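Letters go in sequence order (proteins before strands), and every chain restarts at 1. None of the values given here were measured: they were computed from a predicted structure.
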Amino acid sequence: MTFKSIIDEIKNNLSKILDELFISDVKFSVEPAKPGFGDVSSNVSFLLAKQLKKNPKEIADMFSKKFQDCTNTLVLKTEAHPSGYLNFYADWEKLSQLILSESYLDEFGDVDIGKNSTIVVEHTSVNPNKALHIGHIRNIIIGDTVSRILEKANYKVNVLNYIDDSGLQVADIIVGFKHFGFAEESPNGKKFDHYCGDDVYVKTTEKYEADPSLEEIRKKVLRELENGDSETAKFADNITRKVLAGQLETCWNLDVFYDCLNFESQIIRSGLWSEIFEKLKEMSLIEFEKEGKNVGCWVIRGENKEEDKVIVRSNDTATYIAKDIPYAAWKLGLLDDPFNYKKYEKEQPNSRELWQTTLNKNNPISKNFTGGKVVTVIDSRQARLQKIITSLMGKFKSIPDAYVHLGYESVTLSSETAKALGLDTEGKQAQMSGRKGLYVNADSVYKLLKEKTKEETKKRHSEMNPSEIEKIAHNVSVATLRYEMIKQDLDKIITFDLTKSLSLEGDTATYIQYTHARASRILEKSNRTPTIDIDFSLLKEKSEIDLIKNIGLFNLQVRDAANNLSPKVIARYCHDLAVAFNSFYENAKVLELGDLNLENSRLCLVNSFKITLEKALNLLGITAPDRM
RNA sequence: GGGCCUAUAGCUCAGCAUGGAUAGAGUGUUGGACUUCUAAUCCAAUGGUCAAGGGAUCGAAGCCCUUUGGGCCCA
């Protein structure tokens, strides 16, 4: 058990006291206290103030007195604060033992929210016509981190990447290849996804702008793409798969992995749409418009003042939302699976099996990548569309919140960075744009970070061999990129600045990793294996108790993060844990104390911290280095 | 015209879901700590009408309403 033990104990006892007073239905809180106010606080007296017609302090006094008579094992004393809060002080000798012993177990930090049910997390979903830029990375890292957290919360997670291989953006590069003479192999060994995005896509788009008559070619190519048997479609399939391979390489390098790739072109050809179209009509979720501007169309009625949404146009073609509806239903397992599956050509570096959908009926392999719940990570510009899908899915499936759109604000470029890319924004931040070539590629940010980290590492460790430096630089760079993408709230815009993003001091992943390395070195130098068989009463310094307390909060934080799909919670927890350790590091020596018992006690704590931080960092997809 | 998000220290952000204590970090600036288990660290100082106005409440950064600035989506 962890810090939760004492919280539960206090909750139980307070409830008993309330029972004695014949008071029910009071939703009081029992939470870790703010620093300086004991270990645990409850607001129970505020909530009763009105009912009992007493001021909170008097009530707190009464509770404090009654609490003495309860059987409690972990609370040393209670205190009624003049403000009215009821504060509790823990018996740290006992609580430390509980927390530290627990922390040595493999399952430390596990919480059971999912009850081993399946959940789909879909993220990435980038058009396969360009390399991933820093804005896509936010999506990818949020998705990956959330799926790691959900796994820790006992969900069986299926991670999907939706490959939008049949839209306008793909048509654009195909026009470039087919009509504007771009070479099918990238010149001078440039990564193929970079070549398609930086050269083919941007320059083809420029040509449209110069000559609007080219629009006809574009439309023609798009039509050919939609017809799966055409020569153009086959050509496009070949190109987009090569781009996808490049994108996946970027993701894998960041320790992001998937279970299945779902191709949009196959969803369109699978017949899923007609199945769901009938169902929508049956359930009267869509209506045939007989008058007005949408006459002859099938529409979803807008709620309140919102516009109706056209699903099928009067010429019988489906709008793009029509693709999303059957796909969402498929993800929830509401439709017969029209797909077969085959393994992806390349193996993922962590050896996790990666599958892809196929409509090929030979050697059918059936798999199930659907889930009882679905989390779709898409930026909040698509909130309106996702709201319609969410509401439709709510009507198909009775479980509340079965389909969740996890939205987040976009990544913009700082005016300095935009300027460096050739756009003067007059001091304002700039929206990234793949068409205009205004973006910062993820691979290049990684490369810059790695160069800088290498330099820093060399400065500190002249003795290290190049491959070790390389490894540290890689780990630190990936961590930095990942941490920056999730440390703030999802609804805050990230203004990306190339220079500032290279910072390795302060509230960064580097700070946290460094702290882990410090702990590792102590253990290494001790030449002992830390054990849990120690004298817990020796850990009584404030910085020691503080650290233990933070360690004990791990599972509470995981619960919070999983319930709210909030990766930030774990990022902050890692940071807080690191701060607590650094404070301990400054205040309490571990080695060469001349007191073996105290050394062993502190070693046990250091090891507990190290294990916990490593687990927490693992949820963020960040490796915990032993040296840096 | 309609909808969504956002506003907290010079800058970047926590805290807001579930109202109560002294509104916290990082960064910046200034000063201090390496002969010590790693200074990618730590300590101290500095810095706040929580956008503005109103409302309900014993009590609001947080809840409700209005206005304004910024961003996005739809038309």
- Message: What's A:A588 touching, base or sugar-phosphate or nothing? Going by heavy atoms closer than 4.0 Å.
- Response: base

- Message: Heavy atoms only, 4.0 Å cut-off, all strands: where does A:F46 land among base, sugar-phosphate and nothing?
- Response: base

- Query: For A:K387 and B:C74, what is the distance between atoms NZ and P respectively, to the nearest whole Å?
  - Reply: 15 Å

- May I ask you to verify if any side-chain N or O of A:Y408 is less than 4.0 angstrom from the OP1 or OP2 atom of B:C5? no

- With sugar-phosphate meaning primed atoms plus P, OP1 and OP2, does A:T457 contact a base, only sugar-phosphate, or nothing at under 4.0 Å between heavy atoms? base

- Item | A:R528 and A:E599 ion-paired at < 4.0 Å | yes

- Among B:U12, B:G71, B:U38, the nucleotide that comes nearest once only the side chain of A:K525 is considered: B:U38

- Item | Contact pattern, 5' to 3', of nucleotides 30-36 of chain B - B, S or - by protein heavy atom under 4.0 Å | -------

- Task: Among the candidates B:A14, B:A17, B:U41, find the nucleotide nearest to the side-chain atoms of A:D560.
- Result: B:A17

- Would one find a side-chain N or O of A:K57 under 4.0 angstrom from OP1 or OP2 of B:A21? no

- Paired with B:A45 by Watson-Crick or G-U wobble geometry, both distances under 3.5 Å: which nucleotide is it? B:U29

- Heavy atoms under 4.0 Å, any strand shown: does A:L504 hit a base, just sugar-phosphate, or nothing? base

- When we call it a touch if two heavy atoms are under 4.0 Å apart, what does A:K500 touch: a base, just sugar-phosphate, or nothing? nothing

- Item | Under-4.0 Å side-chain N/O to phosphate OP1/OP2 contact, A:K492 with B:A14 | yes

- When all nucleic acid strands are considered with a 4.0 Å heavy-atom cut-off, which category describes A:S29: base, sugar-phosphate, or nothing? nothing

- Just checking A:R384: base, sugar-phosphate only, or nothing, at a heavy-atom cut-off of under 4.0 Å? base

- Of the listed nucleotides B:C5, B:C37, B:A14, the one nearest the side chain of A:K568: B:A14

- Task: Would you mind reading off the distance between A:M628 atom CE and B:U38 atom P, rounded to a whole angstrom?
- Result: 14 Å

- Task: Would you mind calling B:C34 syn or anti? Take O4'-C1'-N9-C4 for purines or O4'-C1'-N1-C2 for pyrimidines, and syn is within 90° of 0.
- Result: syn

- Just call it for A:N587: base, sugar-phosphate, or nothing, with non-hydrogen atoms closer than 4.0 Å on any strand. nothing

- Mate of B:C13 where both pairing distances stay under 3.5 Å, Watson-Crick or G-U: B:G24

- Message: Just so I know, are the side chains of A:K57 and A:S45 near enough to count as touching, which here means a heavy-atom distance under 4.5 Å?
- Response: no

- Query: To the side chain of A:S41, which of B:A21, B:U38, B:C42 is closest?
  - Reply: B:A21

- Within this structure, what is the NZ-to-C1' distance between A:K293 and B:C74, rounded to whole angstrom? 10 Å

- For the pair A:T376 and A:Y162, evaluate side-chain contact (heavy atoms from CB on, under 4.5 Å) and give the outcome as yes or no after the intermediate values. CA-CA 10 Å; A:T376 305; A:Y162 178 78; over 6 Å; no

- Between B:U18, B:U41, B:C37, which one does the side chain of A:V590 approach most closely? B:C37

- Expressed in angstrom and rounded to an integer, what is the separation of A:I378 atom CD1 from B:C72 atom C1'? 15 Å

- Query: Does A:R572 get its side chain close enough to the base of B:A25, under 3.5 Å, for a donor-acceptor pair?
  - Reply: no

- Task: Pick base, sugar-phosphate or nothing for A:R521, based on heavy-atom distances below 4.0 Å to the nucleic acid.
- Result: base

- Reckon A:Q382 touches a base, only the sugar-phosphate, or nothing at all at heavy-atom distances under 4.0 Å? nothing

- Item | OP1 or OP2 of B:C37 under 4.0 Å from side-chain N/O of A:R602 | no

- Message: Closest approach to the side chain of A:H575, judged atom by atom: which nucleotide of B:A25, B:A14, B:G71 is it?
- Response: B:A25

- Message: Distance check needed: B:C58 P versus A:Q51 CD, whole Å only.
- Response: 16 Å

